[in-house]
Amino acid sequence: MIVWAFNLLILAVGILIVGLIKPKWLLFWMDNPNRYIIVGISTVLLMAGAIMFGEGNRQNAPLSEVGKAANPSAVAEPVVAESPADLVK
């Protein structure tokens, strides 16, 4: 998801730059295109990319914590039973 967020952010910046220079290229169906529309579209895409980046980071964080907590035997020393009576305890 983080890669998609970067792609969306790059697309938004590209649309903003091209739209501010030549708005007729992006809004070809309009007779008199306005740069405010381009700024609005770019802002929405930037916000969507930022949300996707944050959600991708948030979803990856618990996975590392679960991986550390799921394997406690790697940190603790294993218990060795010397006799079958020790297993009952």
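Just so you know, these numbers come straight off a predicted model, no measurement behind them.
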* Rounded distance (nearest 0.5 Å) linking atom NZ of Lys22 with atom CD1 of Ile17 ->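 Reported value, rounded in 0.5 Å steps: 15.5 Å.
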
* Measuring from Ile37:CD1 to Leu26:CG, what's the distance to the nearest 0.5 Å? ->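 Answer for the CD1-CG pair, Ile37 versus Leu26, is 11.0 Å.
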
* **Hydrophobic cluster of Ile10, others only, ordered by chain and residue number, side-chain cut-off 4.5 Å** =>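 Noted: Ile10 shares its cluster with no other residue.
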
* Asked: Which ILVMFWY residues are connected to Val39, directly or by a chain of links, through side-chain heavy atoms under 4.5 Å apart?
  ->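 Besides Val39, the hydrophobic cluster comprises Leu16, Leu20, listed by chain and residue number.
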
ILVMFWY cluster, [X] and [Y] together (side-chain gap under 4.5 Å):
X     : Y     : answer
Val13 : Leu9  : yes
Leu11 : Ile38 : yes
Trp4  : Ile2  : no

Between side-chain atoms of residues 45-56 and protein atoms elsewhere (two or more places apart, or another chain), which donor-acceptor pairs fall under 3.5 Å?
unit_1: Glu55; atom_1: OE1; unit_2: Arg58; atom_2: NE; d: 3.4
unit_1: Glu55; atom_1: OE1; unit_2: Arg58; atom_2: NH2; d: 2.8

* To do: Please indicate whether Lys24 has more than 12 foreign heavy atoms, meaning atoms of other residues, nucleotides or ligands, lying under 6.0 Å from its NZ.
  =>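 Yes, NZ of Lys24 has more than 12 neighbouring heavy atoms, counting only those of other groups under 6.0 Å.
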
* Residue pairs fulfilling salt bridge (Lys or Arg N to Asp or Glu O under 4.0 Å) with at least one residue in residues 33-50, sequence neighbours excluded ->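 Matches after skipping sequence neighbours: none remain.
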
* Enumerate the residue pairs fulfilling ring pair (Phe, Tyr, Trp, His ring centres under 6.0 Å) with a member in residues 17-51, sequence neighbours excluded, ordered by first and then second residue. =>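 Counting only pairs at least two positions apart or across chains, no ring pair (Phe, Tyr, Trp, His ring centres under 6.0 Å) contact touches residues 17-51.
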
